[in-house]
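Here the structure comes first, spelled out in structure tokens, and everything after it is commentary.
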Amino acid sequence: MTLSIFYFLSFLAILSALMVVVSKNPIHSVLYLIITFFAIAGHYVLLNAQFLAAVHVIVYAGAIMVLFLYVIMMLNLNAEVEPHKSVWLKSAATVAGGTLMVVLVGALRTSASVGSPLPADANIGLIKTLGKTLYKDFMLPFEISSILFLAAMVGAVMLGKKETK
Amino acid sequence: MENTVSILRQIPLNNYILLSTLLFCIGVIGVLSRRNAIIILMCVELMLNAVNLLLAAFSAYNSDPAGQVFVFFIMAVAAAEVAVGLAILMMVFRNTGTVDINALNKLKG
């Protein structure tokens with residue numbers, strides 16, 4: 001049962017990820033990417049990381065993809081104005097990516113296989129455990145990421161402002 | 001909470017590694033084969049998500065919450081990256097009238 005849910009979610013994620021790359025219309029790409037993100041959120045629930053799944057849906061499907069959609073609609077992009085590479089370049093890109101995949105899969109197959117999981121603690125995906133870890137062990141990175149956000153915010157406003165000459 | 005362990009035992013960790021590898025490579029192919037800069041950014045998001053999934057899987061299989069905290073940091077970086085990247089794209093579109101990355105060859109010698 002669990003295994004079939006895993007295969008269904010994986011199939012959905014991979015198929016819609018392929019459609020993101022293949023589809024001509026940028027709006028369709030965004031919508032397929034949202035399907036991929038929901039499939040990945042399903043994987044998080046399967047891994048017993050409920051809080052991570054909620055945050056993933058809120059941040060990715062709720063914020064980032066809305067930003068993408070907004071920009072695509074503001075720039076009025078559609079299938080007609082979509083630039084295309086030549087078939088030769090596209091097939092070269094596919095061969096390069098496929099070679100990378102073959103190398104990675106080959107390297108991972110021969111690596112020592114991981115044994116059965118440790119006696120799993122079912123509470124690690126809960127917000128209490130994650131908050132304790134975040135504020136005890138990762139205090140400094142947390143503060144630094146807030147500075148990163150400030151810099152990103154200032155940068156986005158600076159770049160988005162109309163230039164006055 | 002006993003059944004959590006049995007659920008994790010049903011799915012080998014190798015399945016998650018393979019799935020993440022596939023998603024990452026699809027992202028690489030997208031970056032290499034498309035010319036629309038917005039689609040390229042979306043494919044970068046796909047690659048980041050493949051890594052996130054792998055980190056969460058390792059975290060669950062090792063019973064270590066640090067992996068999931070890493071995922072939060074990656075999400076923060078991804079959000080900042082998207083905000084700045086889309087602002088740069090808006091700027092490029094305002095100056096060149098297109099989001100085709102082949103239009104950005106002014107630095108070519």
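So you know, we letter chains A, B, ... as the sequences are listed, proteins then strands, and number each from 1.
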message: So for A/T36, is it side chain, backbone, both, or neither that comes closer than 4.5 Å to the heavy atoms of chain B?
response: side chain
- prompt: So which part of B/V99 gets closer than 4.5 Å to some heavy atom of chain A, the side chain, the backbone, both or neither?
  reply: side chain
message: Measuring only between side-chain heavy atoms, which start at C-beta, is A/D137 closer than 4.5 Å to B/V69?
response: no
- request: Check each atom of B/T98 against the heavy atoms of chain A and say whether the ones under 4.5 Å are side chain, backbone, both or neither.
  value: neither
- request: Sort B/L53 into side chain, backbone, both or neither according to what part of it lies under 4.5 angstrom from a heavy atom of chain A.
  value: both
- prompt: Relative to chain B, which segment of A/V95 carries a heavy atom at a distance below 4.5 Å: side chain, backbone, both, or neither?
  reply: neither
task: Heavy-atom distances under 4.5 Å only: say whether A/S145 touches chain B with side chain, backbone, both or neither.
output: side chain
- request: Group every Ile, Leu, Val, Met, Phe, Trp and Tyr by side-chain heavy-atom contacts under 4.5 Å, then state whether B/V44 and A/L148 land in the same group.
  value: no
statement: Max heavy-atom pairs within cutoff under 4.5 Å with chain B, candidates A/L104, A/V30, A/I64, goes to A/I64
query: Taking all non-hydrogen atoms of both residues, which atom of B/M42 and which atom of A/V20 are closest, and how far apart?
result: CE-CG1, 4.1 Å
- line: Bottom line for A/A96: the part with an atom under 4.5 Å from chain B's heavy atoms is side chain
Side-chain heavy-atom pair A/M101, B/F24 within 4.5 angstrom cut-off: no
statement: Residue from B/G27, B/A87, B/S33 scoring the most non-hydrogen pairs under 4.5 Å with chain A is B/S33
message: For B/V84, which atoms come within 4.5 Å of any heavy atom of chain A: side chain, backbone, both, or neither?
response: both
query: Given a strict heavy-atom distance threshold of 4.5 Å, which part of A/L89 is in contact with chain B: side chain, backbone, both, or neither?
result: neither
- request: Flag the pair B/L19 / A/H43 as yes when at least one side-chain heavy-atom distance between them is below 4.5 Å, and no otherwise.
  value: yes
- prompt: Do A/V45 and B/F72 belong to the same hydrophobic cluster, where Ile, Leu, Val, Met, Phe, Trp and Tyr are linked whenever their side-chain heavy atoms lie under 4.5 Å apart, directly or via other members?
  reply: no
statement: Okay, A/F138 and chain B: the region with an atom under 4.5 Å from a heavy atom over there is both
- prompt: Do you know which of A/V157, A/I72, A/L67 has the most heavy-atom pairs with chain B at a distance under 4.5 angstrom?
  reply: A/L67
- line: Cut-off 4.5 Å, heavy atoms of chain B, and the answer for A/F37 is side chain
- prompt: Taking atom types as modelled, is there a side-chain donor on A/H56 or B/N52 under 3.5 Å from an acceptor on the other?
  reply: no
statement: Closest non-hydrogen atoms of B/A56 and A/L52, given as atom of the first, atom of the second and distance, are CB-CD2, 3.9 Å
query: Do B/Q68 and A/F51 come within less than 4.5 Å of each other through their side chains, counting heavy atoms only?
result: no
field: Side-chain touch B/M90/A/M74, heavy atoms, less than 4.5 angstrom
entry: yes
- line: Interface check, chain A: of B/L22, B/I39, B/I26, most non-hydrogen pairs under 4.5 Å belong to B/I26
message: So, taking the atom named CG in A/L77 and the one named CZ in B/F93, what distance separates them when rounded to the nearest 0.5 Å?
response: 6.5 Å
- prompt: Quick one: of B/A76, B/C43, B/A78, who has the most non-hydrogen atom pairs under 4.5 Å with chain A?
  reply: B/A76
query: For chain A, which of B/L46, B/N15, B/N49 has the most heavy-atom pairs under 4.5 Å?
result: B/N49
- request: Can you tell which part of A/S23 gets under 4.5 Å to a heavy atom of chain B, answering side chain, backbone, both or neither?
  value: backbone
message: Is B/L23 in contact with chain A via its backbone, its side chain, both, or neither, using a 4.5 Å heavy-atom distance?
response: side chain
Side chain / backbone / both / neither for A/K24 at chain B, heavy atoms under 4.5 Å: backbone
- request: Evaluate the side-chain proximity of B/F73 to A/L134: yes if any heavy-atom separation is below 4.5 Å, no if none is.
  value: yes
field: Check: B/L32 and A/T94 side chains under 4.5 Å, non-hydrogen atoms
entry: no
message: Would you say the ring centers of B/Y16 and A/F6 fall short of 6.0 Å from each other?
response: yes
task: Sort B/D64 into side chain, backbone, both or neither according to what part of it lies under 4.5 angstrom from a heavy atom of chain A.
output: backbone
Heavy-atom proximity to chain A below 4.5 Å, by part of B/L86: side chain
message: Could you tell me if the side chain of A/L130 sits less than 4.5 Å from the side chain of B/P65, heavy atoms only?
response: yes
- line: Interatomic distance, CG@A/L47 vs CG@B/L55, rounded to 0.5 Å, equals 11.5 Å
- prompt: What heavy-atom pair brings A/A156 and B/A83 nearest, and what distance separates the two atoms?
  reply: CB-O, 4.2 Å
query: Using a cut-off of under 4.5 Å for heavy-atom pairs, which of A/L75, A/T133, A/V105 has the most such pairs with chain B?
result: A/L75
Choice from B/M75, B/E81, B/E45 maximising heavy atom contacts with chain A below 4.5 Å: B/M75
message: Please tell me whether A/V59 and A/Y70 are part of a single hydrophobic cluster in this structure, the criterion being side-chain heavy atoms less than 4.5 Å apart.
response: yes
query: chain A heavy atoms under 4.5 Å from B/M91: which part of the residue, side chain, backbone, both or neither?
result: side chain
Option that, when pairs with chain B are counted at under 4.5 Å, heavy atom only, ranks first among A/A93, A/S91, A/A49: A/A93
- request: Look at B/V28, B/V77, B/I38 and state which one has the largest set of heavy-atom pairs under 4.5 Å with chain A.
  value: B/I38
message: If hydrophobic clusters are built by linking Ile, Leu, Val, Met, Phe, Trp and Tyr wherever their side-chain heavy atoms come under 4.5 Å apart, do A/F38 and B/V71 end up in the same one?
response: yes
- prompt: Do A/L3 and A/I5 share a hydrophobic cluster (ILVMFWY, side-chain heavy atoms under 4.5 Å, transitive)?
  reply: yes
field: Heavy-atom contact with chain B under 4.5 Å, split by part of A/K132
entry: neither
- request: Check whether B/L18 gets within reach of chain A through its side chain, its backbone, both or neither, counting any heavy atom under 4.5 Å.
  value: side chain
